[in-house]
Amino acid sequence: VGATSPEAGRADPRRVVAELEQLREETGTEMGAQRVAWTHTWAQARAWLRSQLDDLPVSVRVDEAGNMWATLAGASPRALVIGSHLDSVPDGGWLDGCLGVVAGLEVLRCFAQGPPPPLTLRLVDWADEEGARFGRSLFGSTAAAGRLDPDDLREVTDADGVTLAQALAGHGVALDDAPRAAIDPADVLGYLELHIEQGPVLEDAGLALGVVDGVFGVERHRVHFAGRASHAGATPMPLRRDPLVAAARLIVAVREQARDAGGVATVGEIGVHPSIPTAIPGAAALTLDQRHRSEAGLATMLDAAHAAADAIAAQEGVSVQWSVVQRIDPVRFDPGLVGLAEAHVGAVAGDCRRLTSGALHDAAMMARAGVPSVMVFVQSLGGVSHNRIEDSRREHIELGVAALDELARAVVRRGEAAG
Ligand SMILES: [Zn+2]
C-alpha cells in the first residue's frame with residue numbers, strides 16, 4: 001500500500017501536506033506559526049477549517065468551551081472522534097496540532113464521499129491546547145472531559161493583564177458556561193489523534209511512526225535548601241553549610257534515580273541567594289520535574305528524591321523543605337485500541353514502535369474522561385518542536401495520514417461488528 005498513491009475513497013496524504021502548507025502560509029510569519037488561541041490569527045485558521053467543512057455534508061458546531069466539532073452522521077449515534085488542535089505557541093511550528101486536525105478533516109472527507117458510515121464520525125479542533133497565552137494548557141479538552149472549574153481560572157491573566165474570561169468573551173465563549181461542553185463518554189466509541197512526536201525517539205530508532213500507549217505522569221516540586229551565608233575566603237571548608245552544594249548533589253542524584261526507574265527527571269531552574277562570586281549562598285531552591293509512565297514508577301522516583309534530599313541535607317548541615325508545584329497522574333491509553341493501532345500503523349509504515357508521550361495532549365483528557373483513546377506519532381526531525389524549525393519528512397507525514405485513515409476504518413469496522 002503506497003501512502004502516496006491514494007485509491008478512491010481513501011485519504012489523500014498529499015492533499016493534507018498541501019493544506020498544512022496553505023495554513024502555514026496564511027497563519028504564520030517568517031518567525032513561525034502565530035495561531036495562539038483566542039487571537040485573530042487563530043480565528044483565521046478556524047475560518048479556514050470551517051470553509052473546508054462547508055463543502056461536506058457535516059454539521060458544524062462550536063461548543064461552550066470553544067471547541068469546534070464537525071459531525072458526519074452515521075447509522076449509529078455512537079461516534080468515533082478524531083481531533084487535535086489548530087492553536088500554536090507564538091513563533092510555533094507548522095505541524096504541532098495542525099497535522100491531526102487537517103488529517104482528521106481528510107478522513108472525514110473520505111467517509112463523506114461514501115454511503116453513510118455505520119458509526120457517526122466527528123472531527124474536533126480543541127480550543128487552547130497550548131495554554132501559550134494564559135499558562136493553562138488543554139482548556140477545551142479539559143472542559144469536554146468534565147474537569148474544568150471556572151473558579152480556578154477566574155483570576156488568570158495574560159502578560160498584558162487581559163483576563164482569560166475577557167479573551168474568551170472576545171471569541172463568543174463564556175467562562176462560566178464552559179463546563180457545559182462536557183461530553184458523555186458513553187456516546188463516544190473512541191478517540192484518535194495523529195500528532196508529531198516532538199521528541200527524538202522515533203528518529204533515533206529510524207522509524208516513521210509510533211503508537212502512543214499513554215502519557216507520562218508528572219511530579220513537579222520546589223526544593224528549598226537553607227544553610228548559612230558566609231564569606232568565600234574566611235570560611236574553612238569543614239565549617240561551611242552550603243545549600244548550593246546540597247542542591248547540586250540532589251541534581252546528580254535525581255538523574256541517577258530516573259535512569260534506574262526508567263523515567264525522566266529534570267532540574268531546569270534554580271535560584272541562589274545571595275548570588276555573588278564571593279559568598280557561600282544562604283539559600284538555594286530548585287524545581288524538580290519528574291515524569292514516569294506508571295504511578296508506581298513515579299512514586300518510586302519521588303520517594304528516592306526525598307530520601308536523597310534528606311541524606312544530603314544532613315551531610316551538608318543544611319535544612320530542606322518541599323513544596324508542590326504540580327502533580328499529574330500518568331494516563332494509559334486503551335490497550336485494545338493501542339493493539340489495533342499497532343497492527344494498522346505497522347502495516348502502513350512497515351514497522352512501528354510503542355512509546356509513551358512525555359508531553360501532554362488532549363488525548364490524555366479524553367482518556368481520563370473514560371473514552372478509549374490512542375495517538376499515533378510522526379517522527380520529528382531533530383526532535384524539535386514549539387519552534388519555527390519544527391519539521392518532519394513529507395513521506396513520514398503522508399504515512400501518518402494513511403495510518404490514521406486505516407486505523408479509523410478499522411475502528412469503524414470493529415464498532416459495526418460490535419453493534
Ligand atoms: Zn500539540
Side-chain angles (χ1 to χ4, degrees), residues 16-17 19-20 23-24 27-28 32-39 41-42 45-46 48-49 65-68 81-105 123-145 191-203 209-216 218 291 328 331 333 355-368 373-392 396-397 400-401 403-404:
V16 172
V17 173
E19 289 180 339
L20 286 165
L23 257 181
R24 171 163 67 177
T27 59
Q34 307 299 339
R35 298 178 298 272
V36 176
W38 323 113
T39 65
T41 319
W42 174 68
R46 284 196 142 185
W48 175 86
L49 177 61
N67 302 308
M68 188 186 281
V81 178
I82 303 173
S84 200
H85 58 97
L86 286 181
D87 77 303
S88 75
V89 297
D91 303 336
W94 69 300
L95 297 170
D96 178 3
C98 271
L99 170 62
V101 175
V102 177
L105 166 67
L123 172 69
V124 61
D125 169 29
W126 299 111
D128 203 356
E129 188 273 348
E130 297 286 2
R133 185 169 159 201
F134 292 96
R136 304 296 178 100
S137 49
L138 309 181
F139 176 85
S141 54
T142 301
Y191 174 79
L192 309 180
E193 183 168 350
L194 179 69
H195 204 282
I196 51 165
E197 183 199 342
Q198 306 178 282
V201 174
L202 292 174
E203 187 177 51
L209 305 178
V211 171
V212 186
D213 62 5
V215 177
F216 280 15
V218 183
R291 303 187 189 214
I328 300 167
V331 171
F333 289 149
L355 67 168
T356 309
S357 176
L360 283 172
H361 290 287
D362 295 306
M365 272 300 155
M366 283 297 91
R368 270 196 217 292
S373 302
V374 71
M375 296 183 74
V376 176
F377 274 174
V378 174
Q379 185 197 109
S380 290
L381 289 173
V384 180
S385 188
H386 284 190
N387 188 295
R388 69 191 157 111
I389 66 168
E390 164 192 296
D391 207 0
S392 294
H396 292 174
I397 297 172
V401 176
L404 179 71

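Counting convention: from 1, in listed order, for ligands and their atoms alike. Each residue takes its place number in the sequence, starting with 1.
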**Prompt:** Which single N/O/S atom of His195 lies at minimum distance from the Zn ion (ligand 1)?
**Reply:** NE2

**Prompt:** Are His361 and Phe333 close enough that their ring centres sit under 6.0 Å apart?
**Reply:** no

**Message:** Tell me whether the Zn ion (ligand 1) has His361 as a neighbour, meaning an N, O or S atom of it below 2.8 Å.
**Reply:** no

**Prompt:** Any chance the side chains of Asp91 and His386 put a donor and an acceptor closer than 3.5 Å?
**Reply:** no

**Request:** Using the six-membered ring wherever Trp is involved, compare the ring planes of Tyr191 and Trp126 and label them parallel, tilted or perpendicular (cut-offs 30° and 60°).
**Result:** tilted

**Request:** Please confirm if an N, O or S atom belonging to Asp96, backbone or side chain, lies less than 2.8 Å from the Zn ion (ligand 1).
**Result:** yes

**Prompt:** Between Glu197 and Ser380, does any side-chain donor sit less than 3.5 Å from a side-chain acceptor?
**Reply:** no

